[in-house]
Protein chains: 2
Amino acid sequence: MGLTIYDIAREAGVSIATVSRVFNNSPRVAPHTRKRVLEVARRLGYQPHVSAQSLARRQAQTVAAIVPMLTNYFFVEVLRGLQDRLAETSFDLLVYAAPTLSDVNAHLERALQRGRSAGVMIFSTPMTEERVERLRRSRQPVVLVDSFHPDFDSVSIDNEQGGYLAARHLLEHGYQRIGLLMAHPDSVPARERRHGYERALREADLEPDPALIVASTDPHNHGYTEEGGYEAMRRLLERNPRPEAVFVVSDIMALGALRAIEETGLRVPEDLGLIGFDDLRVSRFLGLSTLRQPMYEMGKLAAEKLLRRIAEPELPVTSTVFAPRLICRRTCASDEQDGQRDVTTLTRNLA
Amino acid sequence: MGLTIYDIAREAGVSIATVSRVFNNSPRVAPHTRKRVLEVARRLGYQPHVSAQSLARRQAQTVAAIVPMLTNYFFVEVLRGLQDRLAETSFDLLVYAAPTLSDVNAHLERALQRGRSAGVMIFSTPMTEERVERLRRSRQPVVLVDSFHPDFDSVSIDNEQGGYLAARHLLEHGYQRIGLLMAHPDSVPARERRHGYERALREADLEPDPALIVASTDPHNHGYTEEGGYEAMRRLLERNPRPEAVFVVSDIMALGALRAIEETGLRVPEDLGLIGFDDLRVSRFLGLSTLRQPMYEMGKLAAEKLLRRIAEPELPVTSTVFAPRLICRRTCASDEQDGQRDVTTLTRNLA
DNA sequence: GTGAAAGCGCTAACAT
DNA sequence: ATGTTAGCGCTTTCAC
């Protein structure tokens, strides 16, 4: 069924090399020849065969994104940025999303298959030595999103600073006993956020209280899930005395945490202050205070870095760290505004 | 760089055909030969080259999903279903998401490039004759999600029935002047929902009032956007007398609509009843009543249909219609429950 | 500026 | 059960 370069060549009275040159915008082809070839190709409805191109060029025309799970919309927002940048190129986007963390390796293997993609972006995945070794062996361009390793390009957020700002913000609002809702302890970003939180407390002459730190035990995605947040918050609220405010290391967990809080009948922010991390779009509707990550921009930049490295593999490695931005909404009883619309009364209306 | 089948063949003392057979699980290979080949392959770290396979098999090892835009999480939920089903196969997922509707055609062209994918799924895209013609010409397996055409497999929701249930629900709660927030009039699902809405009104001896029907004018994604909902609701609330309740044809628009309502100081549901369509995850947190689409299941089924058609192109076309389910939450002042957790007090706490 | 020819790495007849 | 061989559709030297 499919037309080949041979059909076009014959019809246009040229060789296949010329047809190929035309479609690759080679300057070494006479204007009128180019015109004729394109005319014939259009008339016959010819399209180059992507797999054949990939094979001959020794480079796939796709780029892979490996995402822990699509239920956390953080990843979706980053993907949007990726996609928008890639749409400007000839690379198409392969998306690998695993329902559980264990599958990340399986997806990684698929994405790294030879001839599959020209490069991969790996989201929020701890860089174990084993994984690093696997990536190196693949000799493929790699960009890390929301994680770090000196051998690979990366884009991430200043987690320590974010945790610091979160805790300090709660302190500034008069809360004293500040709890922490952690993801799994082996999540590097979560650990960094925790360090920032501890720094803020110490700066206020408060010693972090291990009893007020509870980690999500959901096995999925290092605990960054709604269910994980729900369950961890339930445990945290059993503490006696209970915390006056809580920093939750991610908005998706904060969603579950809010449910848990509601079930106990506590009021936010009067009885309990709350601040999250990420600034998902839903957070605005909930009036959730949080630390914003510029997810879309991070996606765009990640795509940019990958494209650059595909073009020039020997470029020096760069790692870009974005600064988190405090978004003050209702859940921490602030009188400040974040410059955006405030949804305070929205939720009141609904009640 | 890059081991080939020849390297393995030589090392294992067999021909390349045998190596190929081993990797394609052909039964026509002796157990001990298979074992030896696999052993060599593992030792040397051999992986088949996907592009070469695609070329030789005349079938790409990917499947494409063309999505209007990732800002509507409806698509994300369907994508999850797709991805989960595809992960069980050897097909990987290409995602095309356009920021504006006009780009759907551009993305379609890319997805349909020869050798790019083994089949495509097209989300929420009106099947114009031109588009149908293009798809037919491509001779590729196609599955339609959230739209319909007799020539292609499809999975969708009973929009008319959903619109009917929505309006009837509002009527049953005593609302009389019921408005409608439409997407673009050329969105088929929106039109179907409108028909259901009108049927419910007529059944209650109410004549649909054109003055109470306002359409989103956002050019993106047929008006299915937060901004579109916001702006349309503002206009609707200027009507005099204004509606007592409103059926919004999609949750993403309802998000914007809620913002508009809030700005006017109206209370939901006392001053204004509201019901949406989709049941996004955020809707539960907002207490938004809505008609649920089983998005994840729709994605799984769409993947299933596509895989089947890839395997057997001559299968008869099937179209599956899911029934929407009424989810009664706060925004329509119901005393019923939907069996799930109620978030009534959650939003109250936040206020 | 254009063409001939040698791959790219694999699959699938066909032969044995 | 295994090997030989002819493609799959394109890119890319290398000549001219």
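Computed over heavy atoms, backbone and side chain alike; hydrogens, waters and symmetry mates excluded. All chains are named by letter (A, B, ...) in the order of the sequence lines, taking the proteins before the strands, and each is independently numbered beginning at 1. All values reported here derive from a predicted model rather than from experimental measurement.
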Shortest non-hydrogen contact from Leu307(B) toward Leu86(B): CD2-CD2, 4.1 Å
Carboxylate-amine/guanidinium proximity below 4.0 Å for Arg36(A) and Glu39(A): no
Whole-Å gap separating P (dG9(C)) and CG (Asp7(B)): 9 Å
Sugar-phosphate, base or nothing in reach of Ser51(A), heavy atoms under 4.0 Å: nothing
Whole-Å distance separating the CG atom of Leu55(B) from the P atom of dA12(C): 12 Å
Summary of protein contacts for nucleotides 11-16 of chain D, nucleotide by nucleotide, where a base hit scores B, a sugar-phosphate-only hit scores S (4.0 Å, heavy atoms): BBB---
Thr18(B) vs dA1(D): side-chain N/O to OP1/OP2 distance below 4.0 Å: no
Sugar-phosphate only, base, or nothing, as touched by Ser54(A) at under 4.0 Å among non-hydrogen atoms: nothing
Touch class at under 4.0 angstrom, heavy-atom based, for Gln59(B) against every strand present: nothing
Aromatic ring proximity, centroids under 6.0 angstrom, Phe74(A) and Tyr224(A): no
Atom-pair distance (OH on Tyr46(A); C1' on dG9(D)), nearest Å: 7 Å
Position toward the 5' end of DNA chain C (nearest nucleotide), His49(B) or His32(A): His32(A)
Between dT11(C) (C1') and Gln61(B) (CD): distance, integer Å: 12 Å
Contact summary for Leu3(B) and Arg114(A), nearest pair of heavy atoms: O-NH2, 2.8 Å
In a table with atom names and distances, give each donor-acceptor pair under 3.5 Å that connects a side chain of residues 60-68 of chain A to protein atoms at least two apart or in another chain.
residue, atom, partner, partner atom, Å
Gln61(A), OE1, Arg57(A), NH1, 3.4
Gln61(A), NE2, Gln59(A), O, 2.9
Thr62(A), OG1, Arg116(A), O, 2.6

Of Thr71(A), Asn72(A), Asp218(A), the residue whose pairing with Thr225(A) passes side-chain hydrogen bond (donor to acceptor under 3.5 Å, both in side chains): Asp218(A)
Side-chain N,O (Ser15(B)) to OP1/OP2 (dG3(D)) below 4.0 Å: yes
